[in-house]
Amino acid sequence: MIQIAVLGYGTVGSGVVEVINTNHSSINKKAGEEINIKYVLDLRDFPGDPIQEKVVHDFDIILNDPEIRIVVEVMGGVEPAYTFTKKALLAGKSVCTSNKELVARHGAELLDIARERNINYLFEASCGGGIPIIRPLNSSLTADEIDEITGILNGTTNYILTSMIQDGSEFADVLKKAQELGYAERNPEADVEGYDACRKIAILSSLAFGRQVDFEDIYTEGISNITAADIKYAKAMDMNIKLLAYSKKVGECFYAMVAPALLGPNDPLYSVNGVFNAIFVHGNVLGDAMFYGSGAGKLPTASAVVSDVVDEAKHLHRNIMSFWSSHKLELTDISNSQKRFFVRAKGDPKTELARTEEIFGTVRPVIVPELEGEYGFVTEIISEAQYKAMAERHGKVISRIRIRHS
Ligand code: HSE
């Protein structure tokens, strides 16, 4: 029997208990041994809940119990999760986690400790909810040099954007619903401002490129500036707006960014709606691959955590996570990266478009008749720096959204 301890009995922690109870016999068969939850660590008590008898309030009980081989950290946040994880690994216990904040901040160090002790720090649930993406990057796509990862990595913002586009719902109402459904972070600013997606793309990039990508280095914009007018323009162009997180290797340069983007119906990410996530990966010999599925919520996330427990049960005393060194990867300044931009500007297109083309070169106008006193246009492929200089010179730009696959 493999004894495990679950740290945190919140949304994901209770999901882990539910998944292990629901699929007990098939999970044990796949793990090759019975998996038993011996402790649940939480500050609270849960009278009437069957796990109450396993609840402990002191982490040292878990740390000092030699029977515990695997610790499941689903507390979220950096502390005390970091201290508990480090102590568990140093004590020779493998750790499985959904904690993207901790993995993005201290992943390289925790992986080093696990490697030295021939155990594992596994974090399938940290990116893409229930979608297998960490394991494929670590052990399936090993014949390739990965040169692009582009993902819809935040279920809450995808749910919000989809509802705004499809039902015309208001931002605040949809966010409230996402919180009720257990998709959103405790502080939803992390979802809405793109910080959650930023941490996830930092983790995926570190794994794909084999070196530490610091999330603080990634240019990040959220969706809080996307308006009903932007959505009207998107519809007029038969496009969708998605919060994309991407990293790309171009020659010797590595770019990474999180920002809303317009994409057309031929884009594989166009139809990824609601709470679903998708991760598009390009490898130099594979070409394209895409991973799609449930990106947030209690059971999908718990499913990924328990898959790590099963993987760990099969690899006790053998390190299996290899491709993430603590050497820092220097990202290239995004000002050189090139794309088309959709731009909204004040004024009457009949009188303004000629001046706009003098500054931006040939543009494709996009007019939504009900939006008076403004017009939209799509630029040619230009760099971020060129766009910035042109917009400043123009003087009447309201906003811009980048276009994917220009
Ligand atoms: N708040 C996150 C999301 C949860 O909406 O994607 C899953 O990491």
Side-chain angles (χ1 to χ4, degrees), residues 8 10-16 19 72-78 81 96-105 107 122-135 149-164 169 171-205 207 215 218 220-224 226 241-246 258-260 269 272-280 291-308:
T11 306
V12 183
S14 58
V16 166
V19 168
V72 172
E73 185 275 298
V74 283
M75 312 173 79
V78 173
C96 307
T97 189
S98 59
N99 190 336
K100 52 250 163 147
E101 213 178 329
L102 182 58
V103 178
R105 198 177 282 276
L122 301 178
F123 42 89
E124 184 58 72
S126 65
C127 299
I131 307 169
I133 181 62
I134 303 292
R135 205 163 289 115
I149 300 181
T150 301
I152 294 173
L153 292 175
N154 182 269
T156 302
T157 45
N158 205 44
Y159 180 79
I160 292 173
L161 288 171
T162 304
S163 301
M164 285 172 77
S169 310
F171 181 92
D173 295 341
V174 199
L175 175 60
K176 196 160 167 278
K177 186 92 189 292
Q179 285 172 307
E180 282 162 14
L181 290 166
Y183 303 155
E185 296 302 299
R186 251 175 291 177
N187 175 5
E189 200 189 1
D191 297 298
V192 170
E193 298 304 338
Y195 310 143
D196 179 72
C198 169
R199 290 182 182 114
K200 291 166 175 169
I201 195 68
I203 295 170
L204 295 177
S205 310
L207 267 180
F215 67 88
I218 298 176
T220 300
E221 268 178 40
I223 63 164
S224 54
I226 299 294
I241 302 174
K242 299 285 177 197
L243 181 66
L244 296 186
Y246 84 82
V258 176
L269 296 167
V272 176
N273 287 324
V275 73
F276 285 97
N277 280 195
I279 303 116
F280 169 89
F291 301 82
Y292 169 86
S294 305
K298 175 174 164 167
L299 292 179
T301 310
S303 159
V305 175
V306 176
S307 79
D308 276 346

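Positions are given from 1 along the sequence. We count ligands from 1, going down the list as the structure has it; atoms in each ligand are counted the same way.
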With heavy-atom distances below 4.0 Å as the criterion, list the atoms of ligand 1 near [X].
X	result
D196	2 (C), 6 (O)
D191	1 (N), 2 (C), 3 (C), 5 (O)
G155	3 (C), 5 (O), 6 (O)
E185	1 (N), 2 (C), 4 (C)
T156	1 (N), 3 (C), 5 (O)
G295	7 (C)

Side chains of S224 and E193, donor plus acceptor under 3.5 Å | yes
- Query: Between F276 and Y292, what is the ring plane arrangement, given parallel below 30°, perpendicular above 60°, and tilted in between?
  - Reply: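 Parallel.
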| query | At their closest point, which heavy atom of S169 faces which heavy atom of V174, and how far apart are they? | reply |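 The answer is CB-CG2, 3.5 Å.
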Closest non-hydrogen atoms of R199 and K100, given as atom of the first, atom of the second and distance, are CB-O, 4.3 Å
Check your understanding: Salt bridge between D196 and K200, side-chain N to carboxylate O under 4.0 Å?
Key ->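 Answer for the salt bridge query: yes.
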Going through the checks in order, is the side-chain hydrogen bond (donor to acceptor under 3.5 Å, both in side chains) test met by N154 and K242? CA-CA 10 Å; N154 182 269; K242 299 285 177 197; over 6 Å; no
Under 3.5 Å, N or O to N or O, is N277 touching ligand 1 that way?
no
